[in-house]
Number of protein chains: 2
Amino acid sequence: MSLKRVAILGSTGSIGTQALDVIARFPDRFRVVGLAAGRNVELLREQAQRFTCAIATSAQDGAAGLHRVAVESEPELVLAATDGAVAFDAVFAAVARGTDVAVANKELIVAAGELLMSAAGVSGARILPVDSEHSAIFQCLIGERHESVARILVTASGGPFLRASREEIENASIDSALAHPTWRMGRKNTVDSASLMNKGLEVIEASRLFAMAPQRIGVVIHPQSIAHAFVVFTDGSVKAQLCAPDMRVPIGYALGYPERLTWSPFGTGTDPLRLLGAKTEVEQLSYEYERPDLERFPCLRLAYQALDRGGTAPAVLSAANEIAVGAFLEGRLRFGEIPRVIERVMNEVEEGELSLESVRAADRRARARANEVLESRTAGTAR
Amino acid sequence: MSLKRVAILGSTGSIGTQALDVIARFPDRFRVVGLAAGRNVELLREQAQRFTCAIATSAQDGAAGLHRVAVESEPELVLAATDGAVAFDAVFAAVARGTDVAVANKELIVAAGELLMSAAGVSGARILPVDSEHSAIFQCLIGERHESVARILVTASGGPFLRASREEIENASIDSALAHPTWRMGRKNTVDSASLMNKGLEVIEASRLFAMAPQRIGVVIHPQSIAHAFVVFTDGSVKAQLCAPDMRVPIGYALGYPERLTWSPFGTGTDPLRLLGAKTEVEQLSYEYERPDLERFPCLRLAYQALDRGGTAPAVLSAANEIAVGAFLEGRLRFGEIPRVIERVMNEVEEGELSLESVRAADRRARARANEVLESRTAGTAR
């Protein structure tokens, strides 16, 4: 088995540290050749030491640092696990060289997914999803032909407001929005799970990663979060991927691809119910599936709208959402206003032709406009 | 798209007629080159006419007739859908020529599976499962490596006695044993579903088809019969195949392989819950999973025993079961006695080295011994 050279952009974040946890279990399989972090320089230094990694850069090294890690360290696989657009150039440079990229950076696919897939198509680089839902789809599609796929369904836990009324959602507190029933994530992503915007973004990602039209991608609420996605084939057969919610499984899948690692956070023992996600000894496992309610969760509808519009619209959606969620987390916006702010920005920011530059410009304009909308609301309306 | 030449052994049976139903939808994809039936000569003649098939043979043509259909018609795919051992020679002759075989003939895999897989390995013929469970496993394994598979789980509806007590099962009536909750099958197979012997036979088949040790194959009760099997990988990821219970889906998959047909008995529309098996408009779908109870369903335990013993033991299990189920359906044996008859025969019939001839001999001896056991019980015990 040859040692795979891995570079990690965002090594001190949630995905980065979990990736290093997986890599540490396979010293004869992976070699960490580059680490890039933001401001947590102390943890970065520890990581570089532990994995005897010569190239480690932080935010103070800027774009050049990211480029050193993604390109000059000569990795075979780059794990793109930063937030936002900071690593776009470094990732595109790696892809241009034909380097495989495992993508945990949602914006990279939401805002620039078409550009990324097209660049990968030219260079032969493989784009490997890290999100549990997209990893699930990817796994179900292995060995299948694109023309055999009728539909894709991503599952959603439904978040903390699955059974909440419209009014309760409108005025939901920060604490209640942060109380996610199954997954543990950062604050922004947890709020996105509560509004179902995370599913909306995932629908956009699925469309980009798997070249599927929006109307062929659906969402199913599945509160147990065991089945992560379904692929429906043209012959009526459906394939699903399941596992208990632990991000190290899809991360490990992307790291090891095309091989699967032999290690599981929850064992591969003989109890069939444990294998199917039961956390304790139980008599019976029950998986429920239901339709999402677009009335109570308008963010999901907005994401489909952005996908339909195409171009820079997904970038605008994502940026406006980030600003609105930030305002909510600062107590400056009601939960129910998040989609209204996004919708206004989407309707007001001009859309351009798709290019890496226009994506960045749309992102900037959307953020600026979202902040203006927030200020006008705070100034103009009694809250 | 080239026309695939298909021959069907057992064309007038349940699987044969459903296969022709699928084939009739794709006149530019399949050509029926041979049909073999048992005694339903009238239906056979109709089928031959409808599909303009020159070679059509019935039971009165004997082994030569089966050979003509499986070999001389020069098919690219043989669908083996007869019962018992009648078509073994014809199928092995086709496999020896490198012809792909879609297997719906359970005994062929249970009793002679190792021989079949080994012959296919030599000639390069593909063995395609038709059973919904094995088709599910096959579909989940596409594009995956054998060494990445940790376990296989086949699902069972649990049959009509899932919630019955030991006493109720012991004295179950013929009518109650024939009242299968989800699948519609022949009488013998329906009784096997009630005793869980069908799952036992499927565990043996899975072991043969996918080269898996018995302890790596499990059974999960899933009353809804939507998910047909799970494959658990070494990295903790699980893949499942699902579809509403309609045998035309796995039949169509085997016929079309490696392509998928574009046709579904239950549509591939946009309603996610319909896609996941809901037969009507519902708010929520619920899939349950639980462990099988080997105490109340000893047939499943016996099948694992036969698989552990290997050689001709599975042939003995299958033959003894057939005789015992026949006696039950004639009112000569209590339901609860079925496994006891099988166990006695398994313990008394000597096992031989594996060859097509020893399998046949074991089958004959097991049937004879089972009949003796039945007669001695009827003569000796008050029922």
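Reminder, nothing fancy here: chain letters follow the sequence lines and each chain counts from 1.
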Checklist line | Approximate separation, where rounding is to 0.5 Å, of A:Ile226 CD1 and B:Tyr289 OH | finding: 11.0 Å
Note to self: Using heavy-atom distances under 4.5 Å, tell me whether B:Gln284 contacts chain A through its side chain, its backbone, both, or neither.
What the structure shows: both
Margin query: Minimum heavy-atom separation for A:Leu275 and B:Val238, please, with both atom names.
Written below: O-CG2, 3.7 Å
Checklist line | Part of A:Glu288 within contact of chain B (heavy atom distance under 4.5 Å) | finding: both
Note to self: Heavy-atom cut-off 4.5 Å, strictly under: side chain, backbone, both or neither for A:Phe233 against chain B?
What the structure shows: both
Note to self: So for atom CD, which belongs to B:Glu147, do other residues, nucleotides or ligands contribute more than 12 heavy atoms lying within a distance under 6.0 Å?
What the structure shows: yes
Next item on the list: Counting only heavy atoms closer than 4.5 Å, note whether A:Leu276 contacts chain B via side chain, backbone, both or neither.
Entry: side chain
Note to self: Quick check on A:Ala150 against chain B: is it the side chain, the backbone, both or neither that has a heavy atom closer than 4.5 Å?
What the structure shows: side chain
Checklist line | Among the listed options B:Pro258, B:Gly252, B:Ala227, B:Gly218, the residue most often paired with chain A at heavy-atom distances under 4.5 Å | finding: B:Pro258
Item checked: Inter-residue atom distance B:Arg274.CZ - A:Arg291.CZ, 0.5 Å rounding -> 8.0 Å
Next item on the list: Against chain A, label B:Tyr287 side chain, backbone, both or neither, depending on which of its atoms sit under 4.5 Å from a heavy atom there.
Entry: both
Notebook entry, point to check: Considering only heavy atoms, which portion of A:Val231 lies under 4.5 Å from any heavy atom of chain B: side chain, backbone, both, or neither?
Noted result: neither
Notebook entry, point to check: Is A:Arg260 paired with B:Glu144 through a side-chain N to carboxylate O contact shorter than 4.0 Å?
Noted result: yes
Note to self: So which atom in A:Asp235 and which in B:Pro265 form the shortest heavy-atom distance, rounded to 0.1 Å?
What the structure shows: O-CD, 4.4 Å
Item checked: Exceeds 12 heavy-atom contacts within 6.0 angstrom, atom CZ of B:Arg31 -> no
Notebook entry, point to check: When only pairs under 4.5 Å are counted, which of A:Val220, A:Val282, A:Leu153 shares the most heavy-atom pairs with chain B?
Noted result: A:Leu153
Checklist line | Between CZ on residue B:Arg151 and CG on residue A:Asp271, distance to nearest 0.5 Å | finding: 10.0 Å
Notebook entry, point to check: Highest number of heavy-atom pairs under 4.5 Å with chain B: which of A:Ser148, A:Cys140, A:Ala136?
Noted result: A:Ser148
Item checked: Considering all heavy atoms, the nearest A:Leu242-B:Lys239 contact -> CD1-C, 4.4 Å
Notebook entry, point to check: Are side-chain N/O atoms of A:Ser237 and B:Gln241 paired as donor and acceptor at under 3.5 Å?
Noted result: yes
Check: Hey, is the main chain of B:Thr234 close enough, under 3.5 Å, to the side chain of A:Ser264 for a donor-acceptor pair?
Finding: no
Next item on the list: Using a cut-off of under 4.5 Å on heavy-atom pairs, state which of A:Ile221, A:Leu285, A:Val219, A:Ile142 scores highest against chain B.
Entry: A:Leu285
Notebook entry, point to check: Side chain, backbone, both or neither: which part of A:Phe230 has a non-hydrogen atom closer than 4.5 Å to chain B?
Noted result: side chain
Next item on the list: For residues B:Thr270 and A:Gln215, report the shortest heavy-atom separation together with the two atoms involved.
Entry: CG2-O, 4.5 Å
Next item on the list: Show your working on side-chain contact (heavy atoms from CB on, under 4.5 Å) between A:Arg145 and B:Glu259 and close with a plain yes or no.
Entry: CA-CA 8 Å; A:Arg145 297 162 191 223; B:Glu259 288 166 34; 3.2 Å; yes
